[in-house]
Amino acid sequence: MSQLVKFGGRELNLGQPHVMGIINITPDSFSDGGRFYTSNLQLDRVVDEAAKMVAAGATFLDVGGESTRPGAASVTEQEELERVIPVIETLASRFPAIVSVDTSRANVMVAAAKAGATLINDVRALTEPGALAAAASVGLPVCLMHMQGNPQTMQAAPTYSDVVVDVQHFLRDRMQACIDAGIGSDSILLDPGFGFGKSLEHNLALFRALPEFSAIAPVLVGVSRKTMVGAICDKPVDGRLAGSLGLALLAAQSGAAILRVHDVAETCDLLKVLRAVTPSL
Ligand code: 7PM
């Protein structure tokens, strides 16, 4: 199936799976005074990593300043801007990839769009103050993710009456809010939010339902190195590559449009193998 989505000047068919490389901007010990200015050293490191991902075949680069990571200490808006904006500017100007910003903050969305980001990836599905209007005003596609609770507490006791029904209901609701705010229905991507307030059984039920989610809108799947892989394979985070690749293959076969991963080269090889066997993907 062909599903054309416009990211800035670039039109992409999300009826086939693409790889999104994760670009993590962490506090930099080289930066002065313990603040979060992106130092030249860190910028070099990030550009090197991004260059490798693009050469390996990443279509997207997802830049996050860690404010939305589960369990992570919250960063101020100023800190988040200082971390992500210089990186987005550099990556968007140097590489042909689509740069996305992983943020929940309205002001960061607007600044990121000015810096060249052409996709907004929000783990809070545009529920923060002003986020919906900001996303609509920049006119970029959005990825709406489901999360139960907040990153600090969400894994304590996740409960659902029916996890697939509940998550789909939430995402349809947020989709409608986007459409009401003026975002085109063909510019909305969905994400069940693996690991965000979900037990292993919840994650597996959502994973099995990926074909259903993909029938609603293009779906982004983020399972790379996550706890669910660790729980299934009984492996620490640095031993989760094979398990992550297994889930990536299953996700692509279940209709996923974007695979958000750390290991871009390996995931691109996996997609090449899949396409050789299944040319429609
Ligand atoms: C610790 C635990 C650090 C989890 C980072 C994470 C997703 C995302 C993240 C996702 C979308 C990670 C996560 N996960 N955005 N941002 N979907 N759309 O593993 O699954 O990168 S942060």
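Order of listing sets the numbers, starting from 1, for every ligand and every atom in it.
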Numbering the atoms of ligand 1 from 1, which are under 4.0 Å from a heavy atom of V123? 8 (C), 15 (N), 16 (N)

Side chain proximity check, L61 to M20, heavy atoms < 4.5 angstrom: no

For atom CZ of R10, decide whether the heavy atoms of other residues, nucleotides or ligands shown that lie under 6.0 angstrom number more than 12. yes

Mind checking whether D62 contacts ligand 1 via backbone (N, CA, C, O), side chain (CB onward), both or neither, at a 4.0 Å heavy-atom cut-off? neither

Have S100 and N121 got a donor and an acceptor in their side chains that come within less than 3.5 Å? no

List ligand 1 atoms under 4.0 Å from N121, heavy atoms only on the residue side. 11 (C), 15 (N), 18 (N)

What part of V221, side chain, backbone, both or neither, has a heavy atom within less than 4.0 angstrom of ligand 1? neither

Using a strict threshold of under 4.0 Å (side-chain N to carboxylate O), is an ion pair present between R105 and E128? no

Note: heavy atom closest to atom 14 (N) of ligand 1, options Q155, H262, R260, M147, belongs to R260

Can you sort out which atoms of ligand 1 are near D191, meaning under 4.0 Å from one of its heavy atoms? 10 (C), 11 (C), 17 (N), 18 (N), 20 (O)

Taking 4.0 angstrom as the limit, do D48 and R45 come out as a salt bridge? no

For M145, atoms of ligand 1 separated by under 4.0 Å from a heavy atom: 10 (C), 11 (C), 17 (N)

Of the side chain and backbone of R225, name the one, both, or neither that has a heavy atom under 4.0 Å from an atom of ligand 1. neither

Is it true that H146 and F196 have ring centroids separated by less than 6.0 Å? no

Quick look: N24 vs ligand 1, heavy-atom contacts under 4.0 Å, and the answer is neither

Please determine if D186 and K6 form a salt bridge, counting it only when a charged side-chain N lies under 4.0 Å from a carboxylate O. no

